[in-house]
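Here is the naming used below: chain letters follow the sequence lines, and residue numbers restart at 1 for every chain.
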Amino acid sequence: MDKKTSRIIFMGTPEISSRVLEGLILDGYNIVAVIAQPDRPVGRKKILTPVPTKVVAEKYNIPVYQPIKIRKEFEFVYELKPDLILTLAYGQIVPQGLLDIPTLGCINLHGSLLPKYRGAAPIQYALLNNDKVTGMTLMKMVKEMDAGEMYMTEEVTIDEEDNSTSLFIKMGDAALRLALKALPLYLEGKLPGTPQDESLVTFAPSIKPEEEKIDLNKTKEEIFGQIRALSDVPGAYLYLDNLKIKIYKARIVSDEIVGEVGEIIKADKGGLYLQANNGLLALLDLQKEGKNRMDYKSFINGNQNILGQKLK
RNA sequence: CGCGGGGUAGAGCAGUUGGUAGCUCGUCAGGCCCAUAACCUGGAGGUCAUGCGGUUCAAGUCCCAUCCCCGCAA
């Protein structure tokens with residue numbers, strides 16, 4: 001079987017999925033259907049926004065299915081007679097009954113080098129832990145989440161400047177490269193899998209809202225990782241006088257201890273420095289509740305008494 | 001009609017009990033200096049979101065409506 005003769009269903013929802021979907025379509029893969037999460041009201045105005053994969057699918061006249069609960073609604077898949085299901089960030093757990101339908105099985109593009117970071121937020125976890133390298137893994141889908149055997153990986157290097165937004169773009173590119181490399185082999189049955197080493201398994205559960213608050217008891221490195229992992233959305237934050245201050249970008253400066261933890265010890269053209277418990281962090285991009293995001297110079301201009309204040 | 005904050009020079013803000021606008025940064029010109037992101041001098045730049053809305057002798061400042069931005073919630 002090859003990319004033109006096989007019937008493939010693509011399951012995925014967000015931006016990263018849509019980019020891979022479009023890449024596969026343009027390369028000539030026979031995508032017979034797209035399954036995505038339902039459209040949801042977005043933003044303050046609750047505007048019902050189509051999910052990214054749906055936008056792409058409709059552009060190429062591919063039918064889209066958006067079951068509320070895939071666990072209970074997947075009969076329609078039988079009629080599609082898929083040979084293969086490829087998923088990437090679909091957003092729901094795929095039931096065993098569905099996994100059994102395609103003749104060639106279900107495979108998943110996962111955002112980490114498994115067995116590291118099984119779970120919903122692998123890309124953010126790589127940043128959270130200040131990893132230097134991560135990658136995409138093409139793997140077999142089994143009942144246990146992200147536990148199937150691995151077919152191929154594509155590494156991605158993370159550099160200091162990367163945040164969640166930029167890394168997602170890199171990972172999307174890697175996912176497409178990986179898919180284009182691996183799928184032809186897989187469809188011909190020439191891609192053997194290797195089981196994951198269970199002793200090396202770690203998990204990357206989705207990040208809870210309370211984890212967006214920066215804990216000043218953590219080290220500057222941990223805080224730096226957290227800021228990167230949560231930027232540009234939703235943003236890690238601290239409080240200043242009961243107002244949320246989101247910090248979108250920061251830099252580790254030094255190991256100096258010159259003030260109390262949480263104190264702004266410098267606020268001028270040279271930077272806005274926050275005392276962490278084991279050194280200094282320069283806050284570069286921030287946003288006060290109700291205000292727009294701005295760089296530190298603008299922030300200092302508008303908060304001229306910030307020097308010496310304490311964030312918490 | 002979910003809750004709340006806000007729309008004032010390119011940027012970020014201030015503007016007190018209503019009397020036609022100020023600060024910091026940037027920018028332009030000149031100066032100082034070996035040099036500078038530092039310093040000094042001077043300049044340009046705003047119909048204060050919109051409605052030629054309402055109150056008033058007088059509104060950025062009070063009232064009303066609309067639009068837009070942001071935080072939360074979903």
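Between the side chains of A:T219 and A:N278, no donor-acceptor pair of N or O atoms lies under 3.5 Å. Side chains of A:Y237 and A:E212: no donor on one and acceptor on the other come within 3.5 Å.
The gap from the C1' atom of B:A9 to that of B:G22 amounts to 11 Å, rounded to the nearest Å. B:A21 and B:U61 have their P atoms separated by 14 Å, given to the nearest Å. Between B:U16 and B:C33, the two P atoms lie 45 Å apart (nearest whole Å). Atom C1' of B:U8 sits at a distance of 4 Å from the matching atom of B:C48, rounded to the whole Å. For the C1' atom pair drawn from B:G54 and B:A58, the interatomic distance equals 15 Å after rounding to whole Å. When the P atom is compared between B:C3 and B:C25, the two are found 41 Å apart, to the nearest whole Å. Between the P atoms of B:C63 and B:A73, the separation comes to 30 Å (whole Å). Comparing the P positions of B:U56 and B:U50 gives a spacing of 23 Å, expressed to the nearest Å.
A close approach under 4.0 Å does occur between a side-chain nitrogen or oxygen of A:Q287 and OP1 or OP2 of B:G71. Between A:K246 and the phosphate of B:C72, there is a side-chain N or O to OP1/OP2 separation shorter than 4.0 Å.
Counting to the nearest Å, the P atom of B:C13 and the NZ atom of A:K297 are 17 Å from each other. A straight line from CD1 of A:I306 to C1' of B:C25 spans 17 Å, rounded to a whole angstrom. Counting to the nearest Å, the C1' atom of B:C69 and the NZ atom of A:K288 are 16 Å from each other. A:Q304 has its CD atom 9 Å from the C1' atom of B:C25, to the nearest Å. Separating the CZ atom of A:R40 from the C1' atom of B:A73 is a distance of 16 Å, rounded to the nearest angstrom. B:U24 atom C1' lies 13 Å from atom CG of A:D295, rounded to whole Å. Computed from coordinates, the A:N301 CG to B:C13 P distance equals 9 Å when rounded to whole Å. B:U24 atom C1' lies 15 Å from atom OH of A:Y296, rounded to whole Å.
Taking the six-membered ring where tryptophan is involved, the planes of A:Y65 and A:F76 are essentially parallel, since the angle between them stays under 30° and well short of 60°.
Closest of all the heavy-atom pairs between A:E58 and A:V64 is CG-CG2, 4.5 Å.
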Using a cutoff of under 3.5 Å, can you pull out all pairs of nitrogen or oxygen atoms linking the protein to nucleotides 3-5 of chain B, with atom names and distances?
| from | atom 1 | to | atom 2 | distance (Å) |
| --- | --- | --- | --- | --- |
| B:G5 | N2 | A:G290 | O | 3.0 |

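Nearer to the 5' terminus of RNA chain B, by closest-nucleotide assignment, is the contact made by A:N303 (compared with the other of A:N303 and A:P209).
In a base pair of the Watson-Crick type (N1 to N3 plus N6-O4 or O6-N4) or a G-U wobble (N1-O2 and O6-N3), with each distance short of 3.5 Å, B:U41 is matched with B:A29. Pairing partner, B:C62: B:G54, with both Watson-Crick or wobble hydrogen-bond distances short of 3.5 Å. Summarising the base pairing, B:G2 is matched to B:C72 through a Watson-Crick or G-U wobble pair whose two defining distances lie under 3.5 Å. Nucleotide B:C67: paired with B:G7 (Watson-Crick or G-U wobble, both distances less than 3.5 Å).
A salt bridge links A:K220 to A:D255: one of the charged nitrogens lies within less than 4.0 Å of a carboxylate oxygen. The pair A:K140-A:E149 fails the salt-bridge criterion, with no side-chain N (NZ, NE, NH1 or NH2) lying under 4.0 Å from an Asp/Glu carboxylate O. Between A:D162 and A:K170 there is a salt bridge, since a side-chain N of the basic residue sits under 4.0 Å from a carboxylate O of the acidic one.
B:C52 has its base syn relative to the sugar, with a glycosidic angle deviating from 0 by at most 90°.
Of the candidates B:G71, B:A11, B:A38, the closest approach to any side-chain atom of A:K244 belongs to B:G71. When the nucleotides B:C72, B:C69, B:G12 are ranked by their closest atom to the side chain of A:M294, B:G12 comes out on top. Side-chain proximity of A:N292 to the nucleotides B:G12, B:G71, B:C69 is greatest for B:C69.
Annotation: side chain of A:D241 is in contact with side chain of A:Q309 (closest heavy-atom distance under 4.5 Å).
Put simply, the residue from A:K246, A:K249, A:R293 that forms a salt bridge (Lys or Arg N to Asp or Glu O under 4.0 Å) with A:D285 is A:R293.
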